[in-house]
K.L.:
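Got a structure for you, written out below as structure tokens; questions coming shortly.
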There are 2 protein chains.
Amino acid sequence: METPKNPFPIDFRIREGLSRIAMALRVDEWKKAKDVGLNPTQLAILALLEGRKDGLNVKEIAAHLGVSQPTATDSIAALEKKQRLEKRAEQGDRRAVRVYLTPMGLAALQPDTGDSLAEQAVGSLDKLEQQQLLLTLIKMIRHLQESDAIPVQRMCVTCRYFAPFAHPDAGQPHHCHFVNAAFGQRELRVDCRDHEEADPTSRAATWEAFQAG
Amino acid sequence: METPKNPFPIDFRIREGLSRIAMALRVDEWKKAKDVGLNPTQLAILALLEGRKDGLNVKEIAAHLGVSQPTATDSIAALEKKQRLEKRAEQGDRRAVRVYLTPMGLAALQPDTGDSLAEQAVGSLDKLEQQQLLLTLIKMIRHLQESDAIPVQRMCVTCRYFAPFAHPDAGQPHHCHFVNAAFGQRELRVDCRDHEEADPTSRAATWEAFQAG
DNA sequence: CAATAAATATAGGATTCCTATGTTTATTGC
DNA sequence: GCAATAAACATAGGAATCCTATATTTATTG
């Protein structure tokens with residue numbers, strides 16, 4: 001090992017850093033949520049549901065949020081009371097429930113004020129650093145996904161429409177078969193509502209090609 | 001501008017990524033906190049207090065956590081009841097209160113199990129990426145500090161003991177005058193309990209030298 | 001010395017969040 | 001086919017977070 005007995009290894013300090021930034025961003029989230037009469041957790045659930053034609057069930061929402069199932073039930077009930085989402089019976093499993101955004105729920109997601117701390121903090125980085133940060137976050141998220149620590153996110157790198165380095169153009173090397181257009185590293189999505197999960201084999205191959213490029 | 005009218009600018013997507021990772025890390029935090037009979041917020045307050053000989057007052061704790069002052073009062077009261085911290089009168093201001101860790105509070109901070117999701121996620125990055133990520137996070141945090149969005153953190157780059165690029169050795173270019181030792185980019189601290197805040201002018205000069213190096 | 005400001009505390013209320021457990025419906029194994 | 005087990009969700013109970021608004025006490029200012 002490189003630094004034996006270091007009481008503060010780099011993963012520990014990176015976690016500290018992430019934690020500080022997360023605390024700061026909570027302020028943004030409250031502001032944004034309060035504007036539509038919600039709180040950050042509720043708004044996060046609505047964002048999760050946006051674009052999911054098949055909705056999500058309670059367990060999935062809990063997993064995405066990293067909370068227990070009863071906690072998810074609580075927040076879903078609060079949102080249902082506010083008519084921001086609705087529950088429908090799952091086809092073929094009468095124990096289960098599927099949760100969908102209502103038009104009112106979708107409306108809560110519309111306003112995007114800008115002028116946030118996130119924007120400010122990311123804006124203080126140069127373009128290359130921004131791109132590297134995005135890639136690094138994607139890498140970390142993907143790793144957590146593949147080790148089943150978190151559910152699959154709607155990222156390009158797990159999407160069946162994503163073709164990494166399909167073009168010789170270094171500026172826009174990637175291709176999205178959904179919108180049928182080329183795009184660059186800086187444009188990679190973290191939560192795309194057009195995402196369709198590729199099968200594991202295909203995902204692995206895509207990631208391979210993405211890393212190699 | 002480079003990508004006009006892009007509905008998902010890179011700062012937005014980076015924030016999404018940070019948010020996903022933060023959700024995942026909450027699970028770690030609960031596990032760690034539960035082991036000592038606390039919750040993540042309470043443990044965060046104790047961590048904040050560690051090594052602060054002058055303690056912190058309620059307002060400062062609220063600012064660090066990104067919550068309102070009454071919320072900080074709540075959590076402080078919960079910790080006080082559990083004898084993890086104590087409040088003492090502020091010298092010279094009888095309105096104010098200073099909060100200090102008790103020996104029991106310090107004990108709660110000791111156990112460090114390892115094997116966390118953070119460790120796993122950061123471990124999936126190569127060394128260079130880890131270092132870049134740490135530097136990028138430090139840069140973002142510093143920017144939020146300097147624009148008064150968050151309180152000054154106990155990072156090397158704002159510490160009066162920190163001498164950036166004081167040594168020709170590319171592996172360990174920095175020097176800490178507190179422990180009187182050289183150290184490398186990978187060893188930069190995010191929350192050092194020996195931190196002493198440098199004055200703004202000096203901080204700016206240090207940052208300048210750090211960036212130039 | 002009155003007016004204003006600052007640091008906390010209190011009040012009130014919605015919600016989050018946990019664990020433990022109950023209810024209903026699926027699935028499995030014999 | 002049917003009991004045993006498992007899975008999905010709801011409920012119960014309780015501690016704590018978290019907000020806004022307001023009160024209290026003490027500092028500071030004009």
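These figures come from a predicted structure and were not determined experimentally. Residue numbers begin at 1 in each chain, while the letters A, B, ... track the order of the sequences.
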K.L.:
Quick one about B:S147 and A:Q120 (side-chain donor to acceptor, distance below 3.5 Å, no hydrogens or angles considered), yes or no?
P.N.:
yes
K.L.:
List in numerical order all residues of residues 90-102 of chain A for which some heavy atom is under 4.0 Å away from an atom belonging to DNA chain D.
P.N.:
A:R95, A:A96, A:V97
K.L.:
Between A:W30 and A:K87, name the one whose nearest nucleotide on DNA chain D is closer to the 5' end.
P.N.:
A:K87
K.L.:
So if I take residues 69-77 of chain B and measure heavy-atom distances to DNA chain D, which residues fall below 4.0 Å?
P.N.:
B:P70, B:T71, B:D74, B:S75
K.L.:
Is NZ or CZ of B:R88 both nearer than 6.0 Å to the six-membered ring centre of B:Y100 and within 45° of the ring axis?
P.N.:
yes
K.L.:
In this structure, how many angstroms lie between the P atom of D:dA15 and the CD atom of B:Q42, rounded?
P.N.:
13 Å
K.L.:
OP1 or OP2 of D:dA16 versus the side-chain N and O atoms of B:K81: is any pair under 4.0 Å?
P.N.:
yes
K.L.:
Check each of A:R154, A:Q153, A:R189 against A:H195 using the side chain to side chain contact (heavy atoms under 4.5 Å, CB included) test, and report the only one that passes.
P.N.:
A:R154
K.L.:
Would you say the side-chain atoms of A:R84 and A:Q42 include a donor-acceptor pair closer than 3.5 Å?
P.N.:
no
K.L.:
Would a 4.5 Å heavy-atom cut-off, applied to side chains only, mark A:F162 and A:F178 as touching?
P.N.:
no
K.L.:
Under 4.0 Å between a Lys/Arg side-chain N and an Asp/Glu carboxylate O for A:R160 and A:D199?
P.N.:
no
K.L.:
At under 4.0 Å between heavy atoms, what does B:S68 touch on the DNA or RNA strands: base, sugar-phosphate, or nothing?
P.N.:
base
K.L.:
Calculate the interatomic distance between B:L38 atom CG and D:dT17 atom C1'; express it in whole Å.
P.N.:
14 Å
K.L.:
Atom NZ of A:K59 to atom P of D:dA10: distance rounded to whole Å?
P.N.:
14 Å
K.L.:
What do you reckon, are the aromatic ring centroids of B:Y161 and B:H175 less than 6.0 Å apart?
P.N.:
no
K.L.:
Considering Watson-Crick and G-U wobble pairs with both distances under 3.5 Å, what does D:dG30 pair with?
P.N.:
C:dC1
K.L.:
State whether A:E119 and B:R15 are salt-bridged, where the test is any N-O pair (Lys NZ or Arg NE/NH1/NH2 against Asp/Glu carboxylate O) under 4.0 Å.
P.N.:
no
K.L.:
Should the pair A:R95-A:E90 be classified as a salt bridge under the 4.0 Å nitrogen-to-oxygen rule?
P.N.:
no
K.L.:
For residues B:T158 and B:Q145, is any side-chain donor paired with an opposing acceptor at under 3.5 Å?
P.N.:
no
K.L.:
I need the CD1-P distance between B:I61 and D:dT17, as an integer number of Å.
P.N.:
12 Å
K.L.:
Are B:K32 and B:E29 ion-paired here, with the side-chain N under 4.0 Å from a carboxylate O?
P.N.:
no
K.L.:
For chain A and DNA chain C, what are the first and last nucleotides along the strand, 5' to 3', with at least one atom under 4.0 angstrom from a heavy atom of the protein chain?
P.N.:
C:dT15 to C:dA26
